[in-house]
Amino acid sequence: MRYLLSTISILFLTCSAAAQPKQPFIFRDVGDEAGLFPHIGGIRGHGAAWGDIDGSGYPALFVNAFHDAGSKAAMLFRNTKGKFTLEPQEHVRTSGMGSGALFVDLTNNGKLDLYSSNCAMENKNPVRKIPSSLFRNDGDGKFTDVSKDSGAILPLYAGRGLSALDVDGDGLLDLLTCERYYGAVKHGPVLFRNLGKHQFANVSKETGLPPLFSGLGTAVADLNGDGWPDFILTDGDGSHRLYLNDGKGKFAEAPGSREVLQWKGLGKEDTPAGVCIGDVNNDGLPDIIIGHHTKTPWKTPVPIRLYLNKGVKAGVPKFEDVTEAAGLIALTMKAPHVEVHDFDNDGKPDILVSIVKFKDGQPHPIIFKNLGNKNGIPQFRADAWGINEFPTKENLAVKGTGPFFDKIVKDKQIIYMAPGPTADFDRDGRIDIFLPNWWIESRSLLLRNETPAGNWLMVNVVGSDGVNRMGVGSKIRVFPAGKLGDASALLGYREIAIGYGYCSGQEAIAHFGLGNEKRVDVEVTLPHGKGVVTRKNVEVNQRVSVSR
C-alpha cells in the first residue's frame, strides 16, 4: 500500500517581515488505503463533487471524466468513516465529456440529488453529444435518472461549472450553469429555476443573464450585503461579469465591475477559468479569486488574481486588484481551480490552487499561506518544498509542448489537475483535497490533511420556513466567546455555498480555523432577510448544526 508524505514548510512573516518559526503543511496521499484505487486509476478526470448522500455524516465522492478520450466513465464512491467503496449503481456512471458536478437538495427533503454536467457538442463522435444528467435521490443514496423530463438538461450544451442558489427567495435551490467550448457557444450561462418536484424552467432571458456569454467558471455569494445571492461569471477573454440580484430574482451587471475585474495583459491563448468567493483578510467582506487555464503557461507565466472587497457604495460592491501587493506569484502551470480555506486552522484563510509539485516522488500541493494583513491587504507566501523555487529556471526553460508533457507525465515533477474540490472527508477538522487527474497516465490524488493545526469549528445550517434546507446563502460570523457582534473581534466570516472553483462541488458547510480559541460565539444571518440565529459560548473542535 502506497503512502505519500508531503510536507510543506511555510515561513511565517509578520507585517514587519520579522522571521518566525516554520509552520509545515502536511498532506498524505491516501487514495489506496481509503479505497479509491484501483477504481480511480485510468481516468481523464474533469469534475468532482462531495456530498453526504445517505445521512451517514460522511461525504460521498462523485468523479466526472472525459469518457470519450480513453477514460473510464464517471463513478460514485460511498464514504464509510473515511473509507470509500465504489457504488454499484451502473446508471450513475455517466458517459460523455463529464465536466462539473454538484450534490444538491432540490426538494428540501434532506436527500442530496446529483447534477452531472457534460460538455456536449455537435461532433461525429456520439459520446461527445451526450448531455448532462440529473439524478433524484430516493433515499440512502439510491438514485433515479430524472433528466429527460426535468427541464434542466439542454441538448448540445457545453456545460462546465455550476452553482446552486435560491434566486427568488422561495426556499428552493435553483441551478446556475455556464457554457464554454473552444468555439461558439449556443446558449451561454443558463439559470434553471426550481419549480419543485425536480422540475425546472430556463429563465435566463427574463432574469437578465448575458446571452451567448462564454465562460468556464461561476460562483455565488451575497456581494453587496442585501441578503440576496449575486454571482460572477469568468470570461474566456478576461472580461468577467458580476451580476447583482435586485431582490426580486432578476439580475443586472454591477456598474464599473467589468473594468475592475478585467484581466489585463492576457494574450489570445489565455483563458481565466475557475472562481471562488471568500473573505481572505477577515474583514467580513467577500473577496474574489480567479484561476486560469492558459494554453502554454510555461512560456508566459501569470498569477491567479485576487480582487479585494473594499466595501459597498450605493448598493454596489467595490473591488480592487491586489494580486501583486498580496504576493501571489506567477505560475508556470495551469491553475484553473481555486479555493479559500484555512488549511492549518491558525485563523487566517489560505488559497489553494490545483497544482502539485513532486519532490522525491512525493506530492506537495501548492497552497498560498496567509501570513496576516499589511495595510488591510493579506500577505501570501509559499516558501516550501519547491514553492519558493517555483517557477524555477528549469520550469521557465520549458518552451515546447513535448518537453512540457514529458515533465508532467514522465518526469512527474509537477502537474495540474482541472478541479480540486475540498472536504473534511474523515471528519477530523482539517480540510482535505481531492484532485482528479486529467492524464490517464498519471495518478489522481486524495490528499489527507495531517498538518499540526489549531482549533476549528464547522457549521452547517438546516433551513426551514422559506430557507433552503442546505442553508445555502447563510452568512456565518464567528467571534471570541463574549464578543458576539463585535466587528473588531471577528475571527472569521463565510457564506455557505456549493459549486465554485472549477467544475467542483463542495459540501454545504462553513469551516473556521480558530487558532488557540477554545470557545466562540456564532452568528448566522439567514438569506433573504429571514432573520438571525445566534449560539453563544460554543465549544470548539466540533461540527455544529444550526436551525431556527
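What you see is a predicted model; the values in this text were computed from it and never measured. Values reported hereafter were calculated over all heavy atoms of this structure, with side chains retained and with hydrogens, waters and symmetry mates removed.
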Judged by atom type as modelled, is there a donor-acceptor pair below 3.5 Å linking the side chain of Asp521 to the main-chain atoms of Phe479?
-> no
Find out whether Glu33 and Arg28 are in side-chain contact, i.e. whether some heavy atom of one side chain is under 4.5 Å from a heavy atom of the other.
-> yes
Flag, side chain of Asn370 to backbone of Pro349, donor-acceptor distance under 3.5 Å | yes
Could you tell me whether the side chain of Arg477 and the main chain of Leu490 form a donor-acceptor pair under 3.5 Å?
-> no
Run the side chain to side chain contact (heavy atoms under 4.5 Å, CB included) check on Leu526 and Val533 step by step: do they pass?
-> CA-CA 8 Å; Leu526 300 172; Val533 181; 4.2 Å; yes
Hey, are Asp424 and His511 close enough side-chain-wise for a donor-acceptor pair under 3.5 Å?
-> no
What's the spacing between Asn516 CG and Asn345 CG if we round to 0.5 Å?
-> 11.5 Å
Distance, nearest 0.5 Å, that separates OH of Tyr157 from OG of Ser132 | 8.0 Å
List the atom of Arg258, the atom of His240, and the distance in Å for their closest heavy-atom pair.
-> CG-O, 3.7 Å
Identify whether the distance between the nearest side-chain nitrogen and carboxylate oxygen of Asp140 and Lys142 falls below 4.0 Å.
-> no
For the side chain of Asp342 and the backbone of Lys348, is there at least one donor-acceptor N/O pair under 3.5 Å apart?
-> yes
Asn224 side chain to Val316 backbone, donor-acceptor under 3.5 Å = no
Is there a side-chain contact between Val30 and Phe425 (heavy atoms, below 4.5 Å)?
-> yes
Provide the closest heavy-atom pair for Ser147 versus Ser150 in the form atom of the first, atom of the second, distance.
-> O-OG, 3.0 Å
Once the angle between the rings of Phe231 and Tyr243 is folded into 0 to 90°, is it parallel (under 30°), tilted (30 to 60°) or perpendicular (over 60°)?
-> parallel
Counting only heavy atoms not in Lys318, do more than 12 fall under 6.0 Å of its NZ?
-> yes
Under 3.5 Å: donor-acceptor pair, side chain of Tyr502, backbone of Leu216 | no
Minimum heavy-atom distance Pro272-Thr234, with the two atoms named | O-OG1, 4.4 Å
So, do Ile433 and Asn449 sit near enough that their side-chain heavy atoms are less than 4.5 Å apart?
-> no
pair Val462-Asn460: side-chain heavy atoms closer than 4.5 Å = yes
May I ask you to test the Leu244-Asp226 pair for a side-chain heavy-atom distance under 4.5 Å?
-> no
Passes side chain to side chain contact (heavy atoms under 4.5 Å, CB included), Leu36 versus Phe77? Steps please.
-> CA-CA 8 Å; Leu36 292 184; Phe77 294 90; 3.7 Å; yes
Ion pair check, Asp346 and Lys369, cut-off under 4.0 Å = yes
Please assess Ser504 against Gln506 for the test side chain to side chain contact (heavy atoms under 4.5 Å, CB included), listing each intermediate value before the final yes or no.
-> CA-CA 7 Å; Ser504 294; Gln506 297 80 10; 3.7 Å; yes
For the residue pair Phe135 and Asp113, what are the closest heavy atoms and their distance?
-> O-CB, 3.2 Å
Under 3.5 Å, side chain of Glu253 to main-chain N/O of Pro210, donor-acceptor pair present?
-> no
For residues Phe251 and Val167, determine if any side-chain heavy atom of one lies less than 4.5 Å from a side-chain heavy atom of the other.
-> yes
Specify whether Tyr115 and Phe192 have parallel, tilted or perpendicular ring planes, treating 30° as the upper limit for parallel and 60° as the lower limit for perpendicular.
-> tilted
Asp170/Arg193 ion pair, N-O < 4.0 Å = no
Nearest heavy-atom pair of Asp350 and Phe25: which atoms, and what distance?
-> OD2-CZ, 3.8 Å
Please confirm whether the backbone N or O of Gly420 pairs with a side-chain atom of His337, one donor and one acceptor, at under 3.5 Å?
-> yes
Before accepting this row, confirm whether a basic side-chain N of the pair Arg305/Asp321 lies closer than 4.0 Å to the acidic partner's carboxylate O.
-> yes
May I ask you to check whether Trp456 and Asn541 show a side-chain donor-acceptor distance below 3.5 Å?
-> yes
For the atom pair CE (Met417) and CD1 (Ile355), what is the distance rounded to the nearest 0.5 Å?
-> 11.0 Å
One should read off an interatomic distance between Ser133 OG and Leu114 CG, to the nearest 0.5 angstrom, of 8.5 Å
Should Lys248 and Asp246 count as an ion pair when the cut-off is N to O under 4.0 Å?
-> no
Describe, in one word, how the ring planes of Phe143 and Phe103 are oriented to each other, choosing from parallel (under 30°), tilted (30 to 60°) and perpendicular (over 60°).
-> tilted
From Lys111 NZ over to Ile53 CD1, what is the distance, rounded to the nearest 0.5 angstrom?
-> 13.0 Å
Nearest 0.5 Å please: distance from the CD atom of Glu450 over to the CD1 atom of Ile26.
-> 7.5 Å
Minimum side-chain heavy-atom gap Leu491-Pro480 below 4.5 Å = yes
Checking salt bridge (Lys or Arg N to Asp or Glu O under 4.0 Å) against Arg448, which of Asp29, Asp432, Asp426 comes through?
-> Asp426
Do the side chain of Thr451 and the main chain of Ala453 share a donor and acceptor less than 3.5 angstrom apart?
-> no
Looking only at atom types and distance, does a side-chain atom of Ser163 sit under 3.5 Å from a main-chain N or O of Gly499, one as donor and one as acceptor?
-> yes
Residues Ile304 and His292: closest non-hydrogen pair is N-CD2, 4.0 Å
Would you call Arg494 and Glu339 a salt bridge, using N to O less than 4.0 angstrom?
-> no
Ion pair Asp138/Arg136, N-O distance below 4.0 Å = yes
Residue pair Leu446, Ile40: steps toward the side chain to side chain contact (heavy atoms under 4.5 Å, CB included) verdict | CA-CA 10 Å; Leu446 176 63; Ile40 204 70; over 6 Å; no
Going by heavy atoms in the side chains, are Pro286 and Asp279 under 4.5 Å from each other?
-> no
Test applied, side chain to side chain contact (heavy atoms under 4.5 Å, CB included); reference residue, Phe319; option that passes from Leu308, Leu223, Leu306 = Leu223
